[in-house]
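Right, one structure below, let's go through it.
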Protein chains: 2
Amino acid sequence: MDKLNMSRHISGKFNEELEAVRNQVLNMGGLVEQQLRDSLHAIEKSDHELAEQILQRDYKINALEVQIDEACVQIIAKRQPAASDLRLIIAIFKTISDLERIGDEAERIARVALESFNNDQQQFLVSLENLGQQVLAMLHGVLDAFARMDLDAAFEVHQMDAQADRQYEALTRQLMTYMMEDPRGIPKVMNVLWSARSLERIGDRCQNIAEYIIFFVKGKDVRHVSPESMEQTVKGAR
Amino acid sequence: MDKLNMSRHISGKFNEELEAVRNQVLNMGGLVEQQLRDSLHAIEKSDHELAEQILQRDYKINALEVQIDEACVQIIAKRQPAASDLRLIIAIFKTISDLERIGDEAERIARVALESFNNDQQQFLVSLENLGQQVLAMLHGVLDAFARMDLDAAFEVHQMDAQADRQYEALTRQLMTYMMEDPRGIPKVMNVLWSARSLERIGDRCQNIAEYIIFFVKGKDVRHVSPESMEQTVKGAR
């Protein structure tokens, strides 16, 4: 926590508020991670009930997004944060937006899984396993990096996305082959393709969150920069 | 402009800064709209050169996003905005993030179009026409609503998304039928499906921007609320 320099705030109340909002983000992140983990688990075990639970839980994530957003606005209005406090608030604003959408993607995957169970299609769903585990590891890693505002961990997650992209490409090719071999199975395979796309998008969003962490720690916007330039920012003088 | 209540700022400089950042957002919106319009045009006319130009222009949108983000952080740090000024800044933060991603989707469509021209596949691309025009109308409408911070116009765009979703569903079914009829054509049709998905996502993002406008004008967060509750917020006492 010393990186957040909280001790220098004169107002103990301000500290408490920042800490509370940070905890809410971690709480939200935990819920989102659970949703993704459960959606992969539901696929693996063909667990109908678990998939239903995922659909019923999504509203909690949405509610947390709105609450945290509101808390951030209050802090800006009341505390007029500057420098790294302000960057933290901005990073939180952006992070929760990506977290909420990761939650939506997990919900989409659960919905597809439910449809697939009903139609006896789970044999295709298992091909999502590798990509799913890679993306889950990215989400876990980036939430951990956020909790500690750890630059190196954030950079590591950012680099993991290349592997997720490769897995996604390979999976897409494989699923297209299935479709060509058995055209009657196209609607089933399409469902799996949409889920693969959802997973790929979750990887992109983890990458976004990694960029917000780097922005917070280094004060430098690393979106849309070259990989070399990002590495320089991360590894440069601290 | 009177809705923005700018006249009440004691600092003329603050007015200028807010106005400048608002103009940058409109500028960015104009670029993004052009990218989407051009990508649809490139498909319709099989215009290779136009599609290439779209790919080359995307960096401008990214650069504007970073600039505007930075300008907003500066304004918060220097001017400590409250109430509706702060809501405007927050709405801008969120809007430009969605605009940037709409730009990315337009770029994706142009990329698919280029591939399709090279492989003589444009016959499928024309099926995107209806959905493309609907989504372009949504983007145009929401940028117009943003320029005037017009609550009713924002609400109208929000409601247009249901039609875009129906068009997307119909198109997906049609494309799946093509695939089943001619399995060798699956990779071509898949490309068109990805573009359809991009368009559908652009519609969702226009809906997001409409929600930020409502948040700015009414001070109420209308994400994740029921359609009835949103209508009440929009049509309620002003």
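Please read all numbers here as calculations on a predicted model, not as lab measurements. Within every chain, numbering begins at 1; the chains are lettered A, B, ... in the order of the sequence lines, protein sequences first and strands thereafter.
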Problem set entry | Region of B:Arg197 that comes under 4.5 Å of a non-hydrogen atom in chain A | side chain
Exercise. Out of B:Arg184, B:Glu181, B:Arg108, which one racks up the most heavy-atom pairs below 4.5 Å with chain A?
Worked result: B:Arg108
Exercise. When only heavy atoms count and the cut-off is under 4.5 Å, which of residues 64-74 of chain B reach chain A?
Worked result: B:Glu65, B:Val66, B:Asp69, B:Val73
For this session: Taking the side chain as every heavy atom from C-beta outward, state whether B:Arg201 and A:Arg201 have any atom pair closer than 4.5 Å.
Result: yes
Problem set entry | Spacing of CE belonging to A:Met190 relative to CE belonging to B:Met190, to within rounding of 0.5 Å | 4.5 Å
Seminar exercise, completed: Max heavy-atom pairs within cutoff under 4.5 Å with chain B, candidates A:Gly185, A:Pro183, A:Ala77, A:Ala63, goes to A:Pro183
Exercise. CD1 of A:Ile76 to CG of B:Leu86: how many Å apart, nearest 0.5 Å?
Worked result: 5.5 Å
Exercise. Between B:Lys78, B:Met179, B:Arg173, B:Gln80, which has the largest tally of heavy atom pairs under 4.5 Å with chain A?
Worked result: B:Gln80
Exercise. Looking only at heavy atoms, which of residues 92-104 of chain B get nearer than 4.5 Å to chain A?
Worked result: B:Phe93, B:Lys94, B:Asp98, B:Glu100, B:Arg101
Exercise. Rounded to the nearest 0.5 Å, what separation is found between the CD1 atom of A:Ile186 and the CE atom of B:Met180?
Worked result: 6.0 Å
Seminar exercise, completed: Honestly, the part of B:Asn62 sitting under 4.5 Å from a heavy atom of chain A is both
